Asker: 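To start, I am sharing the structure in question, which I have written as structure tokens.
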Amino acid sequence: MSGAALGLEIVFVFFLALFLLHRYGDFKKQHRLVIVGTLLAWYLCFLIVFILPLDVSTTIYNRCKHAAANSSPPEGSNMTGLYATATSVPSQHLCFKPWSYIPDGIMPIFWRVVYWTSQFLTWILLPFMQSYARSGGFSITGKIKTALIENAIYYGTYLLIFGAFLIYVAVNPHLHLEWNQLQTIGIAAANTWGLFLLVLLLGYGLVEIPRSYWNGAKRGYLLMKTYFKAAKLMTEKADAEETLEDVMEEVRKVNESIKYNHPLRKCVDTILKKCPIDYQEKMGRNMDDYEDFDEKHNTYPSEKSLVKLHKQVIYSVQRHRRTQVQWQILLEQAFYLEDVAKNETSATCQFVHTFQSPEPENRFIQYFYNPTVEWYWECLLRPWFYRILAVVLSIFSVIVVWSECTFFSTRPVLSLFAVFIQLAEKTYNYIYIEIACFLSIFFLSICVYSTVFRIRVFNYYYLASHHQTDAYSLLFSGMLFCRLTPPLCLNFLGLTHMDSSISHQNTQPTAYTSIMGSMKVLSFIADGFYIYYPMLVVILCIATYFSLGTRCLNLLGFQQFMGDNDMTSDLVDEGKELIRREKRKRQRQEEGENRRREWKERYGHSREDSTRNRNVHIDPKESNFSEMSTNRSTSKYTRANNRTERDRIELLQDAEPLDFNAETFTDDPLESESGRFYHETQMLL
């Protein structure tokens, strides 16, 4: 079982990363290198989080075995070397191997490969791939050239700092650094940058995650927030459509100016392939003009301008597609929340949907999650479940904040994470140790990673679900994960006092800590920044609790959802009207389809029956005589029948009601529609 646990977690984490990437990325449309790079970055970061508890339990066993070996009785004694004395091993228990024990020598190699691969991704490969993905070049060589130029300053800054540091070390006679010490300094610099960002994201997540579940249990809160999102998304959607129109106009001009025999025509064709299909059909290919472009002195766009236009087309099309998909998803969410609000007062305990789901549900889900179960869950159980979950998460947040402020104290031990691990270490309960470590680091990871998924930096960085995230944002998220995960794990080991630099004990370190090297080379970082900077999480939690960041963004003109703000109320009302308008539009569409279906079922079958009856009662002797007259009049009656059928269809299409503020006439739109349908049927009859 020693290697089975490690192998199972490696496989499980891979499919977890693949599932999340499939939710946010688009495997069909995005470049394979982007998918592979992002998947590798996410996979390595998640793998560190899941494997670290196994490293902790293995280290505790190795400490017990080492203590038992040092306290072995002299030769001739009846006691075995695996038992520890009361002074060395307090529990006086046998040091048995944990079920997930990993043999010596495997974990250091594993951590070294994982860590340095993630650092290579985040500092070298992924930034280069970001520039490559955003480049508007028409060839691989052009994209690589653009990526190198854009990252020249990025890489040059690092080389300049590192070169200046090497010169300082070489000139100063008091400093004699070896390769291992230089490696430790590089790791410390990367972890310091990551810890600076980690505390900011952790302070936000520790408060926002419990509060989001608590607010989700309030009646009407999610619906009001959805209305607010609808108003903002409609503005973004209109802006995306306008931007796309402007870019397509530029593409049309370029398509008309550059003829078929121009050397840059291939570049124009590449741009046209990235445009939406309807715009491609409108513009078409300018192949009917065979004028020689050299004979005219027209001004043609340069290749550099086409590269810029290509980049604008990719961005505008991606943004337009994303806003369209998000708008449809938001509409479904708003309709469902409105259904929940209506069904809360239902006496039948049956959940009734206004609109049926466009996608057919699984029969297994329909059988167990029937309308009765759905009503009890949405209207009764879910609010209480969210409240209980919010309380549990709040307790975890308080424990984290307390431990972050007191983990440097070893006598007495004030960090609650360290207290729990040390209590389990006395009895060598490895299952409890691994579960406690996993829950602790998993909660810390959720607080940090969820913030990475939530934040949005204008349209520069935005992780959108349902396969709507662009390549640049996916690669940027991979960079953030690779930079945040190592300091996150070191911070967790410090909270549990498994890091010897924190506990100040001469004990065997974990394999993960051993590859980081000794921070004694940079004492001001090990004894200062790493210990006191995490205390700022208290200030950040207080700022998040009082929504100081949200209020500052509102003052700067970026509308955020706040219950006590006039702008929020106006946007909520605007979003409510937009949802109501879309709801009426969908109701009219469904009613029109139902009327057409009912018309075909009522009059289509009766006409076929009458035609069949007339054909049966025709005299066979008259069939030959009437055949010629039938042939002569076929076209006439066919045209007449087609015209009659067309008139009926047009009449049905025109029968759809127009929206002239129908709420002032009747409160039930279905009743008014049924009345109109009755009068229209009488007119047709």
Side-chain angles (χ1 to χ4, degrees), residues 19-30 34 38 133-134 208 212 215-216 221-248 274-279 312-340 354-355 357-359 450-477 550 553 558-561 568 571-586 589:
F19 170 76
L20 291 177
L21 183 59
H22 178 265
R23 177 176 175 82
Y24 288 91
D26 192 347
F27 291 172
K28 297 181 179 179
K29 296 182 180 179
Q30 289 174 342
V34 174
T38 307
R134 292 189 64 183
E208 190 62 28
S212 62
N215 291 333
Y221 176 84
L222 292 179
L223 187 58
M224 294 298 104
K225 193 171 184 179
T226 304
Y227 289 152
F228 178 83
K229 291 180 180 179
K232 291 188 63 177
L233 185 58
M234 175 56 73
T235 303
E236 183 181 0
K237 179 169 170 287
D239 183 65
E241 293 175 352
E242 183 179 355
T243 303
L244 182 64
E245 290 288 342
D246 296 339
V247 174
M248 291 299 104
K274 302 294 178 63
C275 299
I277 298 178
D278 52 348
Y279 287 99
Q312 293 176 351
V313 168
I314 295 174
Y315 169 76
S316 60
V317 171
Q318 169 67 25
R319 186 187 176 197
H320 178 263
R321 186 188 302 114
R322 185 196 59 190
T323 54
Q324 294 292 333
V325 173
Q326 287 181 331
W327 177 251
Q328 296 300 325
I329 295 173
L330 190 64
L331 287 180
E332 296 295 336
Q333 182 181 359
F335 295 156
Y336 187 78
L337 292 176
E338 288 180 346
D339 292 341
V340 172
T354 303
F355 304 106
S357 177
E359 299 180 358
S450 63
T451 308
V452 174
F453 281 98
R454 288 186 181 187
I455 60 176
R456 177 178 180 178
V457 184
F458 303 104
N459 290 314
Y460 179 78
Y461 169 76
Y462 181 37
L463 289 177
S465 58
H466 298 84
H467 322 290
Q468 299 304 313
T469 305
D470 60 345
Y472 188 88
S473 298
L474 286 176
L475 295 172
F476 192 77
S477 66
T550 302
L553 290 176
F558 302 99
Q559 290 81 13
Q560 302 294 317
F561 184 76
T568 301
L571 290 176
V572 168
D573 295 337
E574 180 182 352
K576 188 176 183 179
E577 183 62 29
L578 290 173
I579 297 299
R580 184 183 303 172
R581 189 181 307 169
E582 293 291 335
K583 190 173 185 179
R584 289 198 301 264
K585 180 180 179 181
R586 184 170 296 189
Q589 291 177 353

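Everything numeric here is computed off the predicted structure, so don't read it as measured data.
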Asker: Does the side chain of K232 come within less than 4.5 Å of Q560's, by heavy atoms?
Answerer: yes
Asker: Treating H467 as the side-chain partner and G25 as the backbone partner, does any N or O pair qualify as donor plus acceptor under 3.5 Å?
Answerer: yes
Asker: Quick one: CD on E332 to OG1 on T226, what's the gap to the nearest 0.5 Å?
Answerer: 12.5 Å
Asker: Return the OG1 to CE distance between T243 and M248, rounded to the nearest 0.5 Å.
Answerer: 11.0 Å
Asker: How many angstroms lie between atom NZ of K274 and atom OG of S316, to the nearest 0.5 angstrom?
Answerer: 11.5 Å
Asker: List the residues meeting side-chain contact (heavy atoms from CB on, under 4.5 Å) with Y315, not counting sequence neighbours, and say none if there are none.
Answerer: R319, N459
Asker: Taking S473 for the side chain and L463 for the main chain, is one N or O donor matched with an acceptor at less than 3.5 Å?
Answerer: no
Asker: Are Y279 and L244 side-chain neighbours, meaning at least one heavy-atom pair lies under 4.5 Å?
Answerer: yes
Asker: Output all residues satisfying salt bridge (charged side-chain N to carboxylate O under 4.0 Å, His left out) with K237, sequence neighbours left out; order by chain, then residue number.
Answerer: E241
Asker: Heavy atoms only: give me the nearest E208-R454 pair and the separation to one decimal.
Answerer: CG-NH1, 3.1 Å
Asker: Between A231 and L578, what is the shortest heavy-atom contact and its length?
Answerer: CA-CD1, 4.1 Å
Asker: Can you name the nearest heavy-atom pair linking Y462 to D470, along with the distance?
Answerer: O-OD1, 4.3 Å
Asker: Hey, is the main chain of A464 close enough, under 3.5 Å, to the side chain of T469 for a donor-acceptor pair?
Answerer: yes
Asker: Quick check: do F453 and S477 have side-chain heavy atoms less than 4.5 Å from each other?
Answerer: no
Asker: If you define the side chain from C-beta out and look only at heavy atoms, does anything of N215 sit under 4.5 Å from K225?
Answerer: no
Asker: Run the side-chain contact (heavy atoms from CB on, under 4.5 Å) test against K29 and tell me which residues pass, sequence neighbours left out.
Answerer: D26, R321
Asker: Are R580 and E338 within salt-bridge range, i.e. N to O under 4.0 Å?
Answerer: no
Asker: Please state whether the rings of H22 and F27 are parallel, tilted or perpendicular, taking 30° and 60° as the class boundaries.
Answerer: perpendicular
Asker: Whether the side chain of K229 engages the backbone of L330 through a donor-acceptor N/O pair (distance < 3.5 Å, no angle test) should be reported.
Answerer: no
Asker: Any heavy-atom pair between the side chains of K585 and Q589 that's under 4.5 Å?
Answerer: yes
Asker: Does some side-chain heavy atom of F335 sit less than 4.5 Å from a side-chain heavy atom of I579?
Answerer: yes
Asker: Nearest 0.5 Å, please: how far is CG in L331 from CD in Q326?
Answerer: 12.0 Å
Asker: Check whether any side-chain heavy atom of V452 sits under 4.5 Å from a side-chain heavy atom of Y461, and report yes or no.
Answerer: yes
Asker: How far apart are the closest heavy atoms of T568 and F561, and which atoms are they?
Answerer: CG2-CD1, 3.8 Å
Asker: Calculate, to the nearest 0.5 Å, the distance between atoms CG and CG belonging to L474 and L21 respectively.
Answerer: 6.0 Å
Asker: List the atom of G216, the atom of L222, and the distance in Å for their closest heavy-atom pair.
Answerer: O-CD1, 3.8 Å
Asker: Would you say the side chain of V247 lies within less than 4.5 Å of the side chain of V317, judging by non-hydrogen atoms?
Answerer: no
Asker: Checking Q318 side chain against Q468 main chain: does a donor-acceptor pair fall under 3.5 Å?
Answerer: yes
Asker: Specify the closest pair of heavy atoms between A334 and L223, including all atoms of both residues, with the distance to one decimal.
Answerer: O-CD1, 4.0 Å
